[in-house]
Novice: 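Would you mind keeping the following structure in view while I ask a few things?
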Number of protein chains: 2
Amino acid sequence: MSHSGTSQARRADARQNVEKILDAAITSLSRNADASVSEIAQAAGVGRVTLYGHFPTRDALIEAALVRVISEGEAVLAKLDLSGDPRRALRVLIESSWLLIARASAVLAAAQTALPPGRVHQLHAEPAQRVDELIRRGQAEGAFRDDHPVTWLTSVLHHLLKGAAVDVANGLLAQADAPRLIAETVLAAYTRADT
Amino acid sequence: MSHSGTSQARRADARQNVEKILDAAITSLSRNADASVSEIAQAAGVGRVTLYGHFPTRDALIEAALVRVISEGEAVLAKLDLSGDPRRALRVLIESSWLLIARASAVLAAAQTALPPGRVHQLHAEPAQRVDELIRRGQAEGAFRDDHPVTWLTSVLHHLLKGAAVDVANGLLAQADAPRLIAETVLAAYTRADT
DNA sequence: GGTAAGTTGAACAGTGCTGTTCGAGTTGCA
DNA sequence: TGCAACTCGAACAGCACTGTTCAACTTACC
């Protein structure tokens with residue numbers, strides 16, 4: 001029952017419960033950024049005490065959920081072929097990962113208030129850099145506008161993804177339409193307007 | 001001391017305190033979406049009991065703050081000349097009101113979790129429609145792309161404004177650069193990209 | 001089948017919040 | 001000057017949550 005350690009020789013159901021809890025944490029935190037531990041435990045179909053058996057504190061649970069959702073995102077990102085035309089690459093990136101990224105940014109927001117400042121950015125740094133490089137390359141090749149700083153362009157991508165997720169959650173936007181609209185909008189935003 | 005009523009014959013310092021409280025509520029909620037009543041009272045330089053003297057409940061306070069920040073926005077919006085070239089109008093709209101709108105959306109987010117669902121949208125409907133009409137007109141005149149639904153275009157504007165505010169708060173974006181970047185990005189996003 | 005590992009609800013202490021009451025102190029205003 | 005309006009801190013009850021303990025239970029695994 002000792003939480004973590006070197007993660008060895010745990011009984012099958014224990015490991016399974018950790019998974020269930022993390023899943024429940026991610027979806028619960030997505031719906032409500034300050035979901036209670038009881039709420040998450042219930043969503044996981046597990047007793048509250050069991051949860052505390054695996055995670056010493058609520059913050060630790062949130063951090064674990066964040067790590068998980070980020071590594072999920074990393075896994076998807078790593079599989080993608082982001083070489084070649086930057087505009088195509090960006091489209092691929094958005095269309096194949098927008099749901100995951102939406103989940104991620106929901107948990108990210110939840111973590112932002114619960115974890116020490118900087119910790120989130122630290123965990124998020126690696127996958128973020130991958131996107132960063134794509135955009136930088138796009139600028140260098142003349143595919144994306146270079147009159148805006150990279151940080152702003154990545155920010156735009158981030159906010160539009162997150163915003164679209166919010167819209168879907170609020171029923172203002174259909175799941176199916178989202179990826180296309182996001183991709184077209186981001187590509188347009190990355191292009192200098194004539195006027 | 002009776003809260004509200006027909007808002008008459010209140011002593012000067014009382015009215016003044018209500019103002020101080022609302023101001024403090026707006027700025028406090030902008031920093032922290034679930035700021036406590038004590039926090040807000042302290043920020044207003046007022047006792048907690050005094051605050052409860054003016055607002056019966058935390059939710060009532062939040063609603064009042066929302067009403068106030070929205071009407072502030074309305075006041076700014078109403079003063080603007082949004083006729084003529086839609087692209088120019090949109091630029092004017094963003095540059096002259098982005099700070100206010102940022103404040104508004106922060107409080108809006110805070111209210112979203114504290115007020116009954118629909119209430120926020122209800123209060124927000126009027127000023128939102130004004131922007132709606134501008135975008136609709138822009139589409140009709142061929143100034144904005146019409147292959148995306150109006151709801152999405154307004155959403156894009158909304159999310160970019162809010163996102164920029166977050167970036168500024170996090171030190172990722174300079175106050176001074178924000179309006180220009182937002183305006184140029186939104187205008188680009190409203191323009192069909194060649195590719 | 002036996003045993004250690006894991007789960008569970010009940011119950012506890014501690015904390016921080018909301019909203020209220022009270023009594024004493026200030027202060028606008030006529 | 002006087003009084004009602006207002007403010008204020010202290011202190012209260014109620015609630016929800018976080019973590020912890022315990023003793024009984026089920027279950028994976030050899």
Side-chain angles (χ1 to χ4, degrees), chain A residues 1-25 28-29 31-66 110-116, chain B residues 1-25 28-29 31-66 110-116:
Chain A
M1 187 184 291
S2 65
H3 9 82
S4 63
T6 30
S7 74
Q8 224 77 13
R10 299 226 292 267
R11 243 170 58 176
D13 56 347
R15 259 176 292 128
Q16 207 171 359
N17 273 342
V18 172
E19 296 304 304
K20 283 199 293 181
I21 291 171
L22 285 176
D23 274 351
S28 293
L29 289 174
R31 265 198 303 274
N32 175 9
D34 39 34
S36 72
V37 173
S38 314
E39 222 170 313
I40 295 174
Q42 190 169 2
V46 133
R48 201 168 61 97
V49 187
T50 303
L51 191 155
Y52 276 111
H54 291 295
F55 302 94
T57 168
R58 184 177 180 275
D59 288 2
L61 169 60
I62 290 182
E63 174 156 340
L66 181 60
Q112 203 87 32
T113 69
L115 266 44
Chain B
M1 188 184 290
S2 64
H3 8 82
S4 62
T6 30
S7 73
Q8 223 77 12
R10 300 225 291 265
R11 243 171 58 178
D13 57 346
R15 257 176 293 129
Q16 207 171 359
N17 273 343
V18 172
E19 296 303 305
K20 284 199 292 183
I21 291 170
L22 285 177
D23 274 352
S28 293
L29 289 173
R31 266 199 302 275
N32 175 8
D34 39 34
S36 71
V37 172
S38 315
E39 224 170 310
I40 295 174
Q42 191 168 2
V46 134
R48 202 168 62 95
V49 187
T50 302
L51 192 155
Y52 276 111
H54 292 296
F55 302 94
T57 167
R58 185 177 180 274
D59 288 0
L61 170 60
I62 290 183
E63 174 156 339
L66 181 61
Q112 204 85 33
T113 69
L115 265 44

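Since we're looking at a predicted model, the values are computed, not measured. Just so we're on the same page: letters track the sequence lines, and every chain starts at 1.
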Novice: To the nearest Å, give me how far apart CZ (B:Phe55) and C1' (C:dT20) are.
Specialist: 18 Å
Novice: I need the minimum non-hydrogen distance between B:Arg48 and B:Val37, along with the two atoms involved.
Specialist: CG-CG1, 4.0 Å
Novice: Write down the protein N/O and nucleotide N/O pairs, taken from nucleotides 23-30 of chain C, whose separation is under 3.5 Å; answer none if there are no such pairs.
Specialist:
from: C:dT27; atom 1: O2; to: B:Arg11; atom 2: NH1; distance (Å): 3.1
from: C:dG28; atom 1: O4'; to: B:Arg11; atom 2: NE; distance (Å): 3.4
from: C:dC29; atom 1: OP1; to: B:Ala12; atom 2: N; distance (Å): 3.2

Novice: What distance do A:Ile62 atom CD1 and A:Leu22 atom CG have between them, rounded to the nearest 0.5 Å?
Specialist: 12.0 Å
Novice: What integer distance in Å separates A:Asp34:CG from D:dA16:P?
Specialist: 15 Å
Novice: Measure across B:Ser28 and B:Ile40 and return the closest heavy-atom pair with its distance rounded to 0.1 Å.
Specialist: CB-CG1, 4.0 Å
Novice: Under 4.0 Å between any heavy atoms, over every strand shown, what does A:Ser36 touch: base, sugar-phosphate, or nothing? Just pick one.
Specialist: sugar-phosphate
Novice: Let me know, please, whether A:Leu51 or A:Arg48 comes out on the 5' side of the other along DNA chain C by nearest nucleotide.
Specialist: A:Leu51
Novice: Taking all heavy atoms of A:Lys20 and all of A:Gly45, pick out the closest pair and write down the distance.
Specialist: NZ-O, 4.3 Å
Novice: Identify the residue among A:Arg10, A:Arg11, A:Gln16 that makes a side-chain hydrogen bond (donor to acceptor under 3.5 Å, both in side chains) with A:Asp13.
Specialist: A:Arg11
Novice: Just do the side chain to side chain contact (heavy atoms under 4.5 Å, CB included) check on B:Glu39 and B:Asn32 with the steps written out, would you?
Specialist: CA-CA 10 Å; B:Glu39 224 170 310; B:Asn32 175 8; 4.0 Å; yes
Novice: Report yes if a side-chain nitrogen or oxygen of B:His54 is closer than 4.0 Å to either non-bridging phosphate oxygen (OP1 or OP2) of D:dT7; otherwise report no.
Specialist: yes
Novice: Over how many whole Å does the gap from A:Tyr52 atom OH to C:dC12 atom C1' extend?
Specialist: 14 Å
Novice: Which whole-number value in Å describes the distance from B:Gln16 CD to D:dT7 P?
Specialist: 10 Å
Novice: Which pair of heavy atoms, one from B:Asp59 and one from B:Ala114, lies closest together, and at what distance?
Specialist: OD2-O, 3.2 Å
Novice: Just compare C:dT18, D:dG19, D:dT18 and give me whichever is closest to any side-chain atom of B:Arg58.
Specialist: C:dT18
Novice: Between B:Asn17 and D:dT7, does any side-chain N or O lie under 4.0 Å from OP1 or OP2?
Specialist: yes
Novice: Please answer whether the main-chain N or O of B:Ala110 pairs with a side-chain N or O of B:Thr113 as donor and acceptor at a distance below 3.5 Å.
Specialist: yes
Novice: All N/O contacts under 3.5 Å from nucleotides 21-25 of chain D to the protein, with atom names and distances to one decimal?
Specialist:
none

Novice: If every non-hydrogen atom of A:Ala25 is compared with every non-hydrogen atom of A:Leu61, which pair is closest and at what distance?
Specialist: CB-CD1, 4.2 Å
Novice: Round to the nearest Å and state the distance from A:Glu19 atom CD to C:dG6 atom P.
Specialist: 15 Å
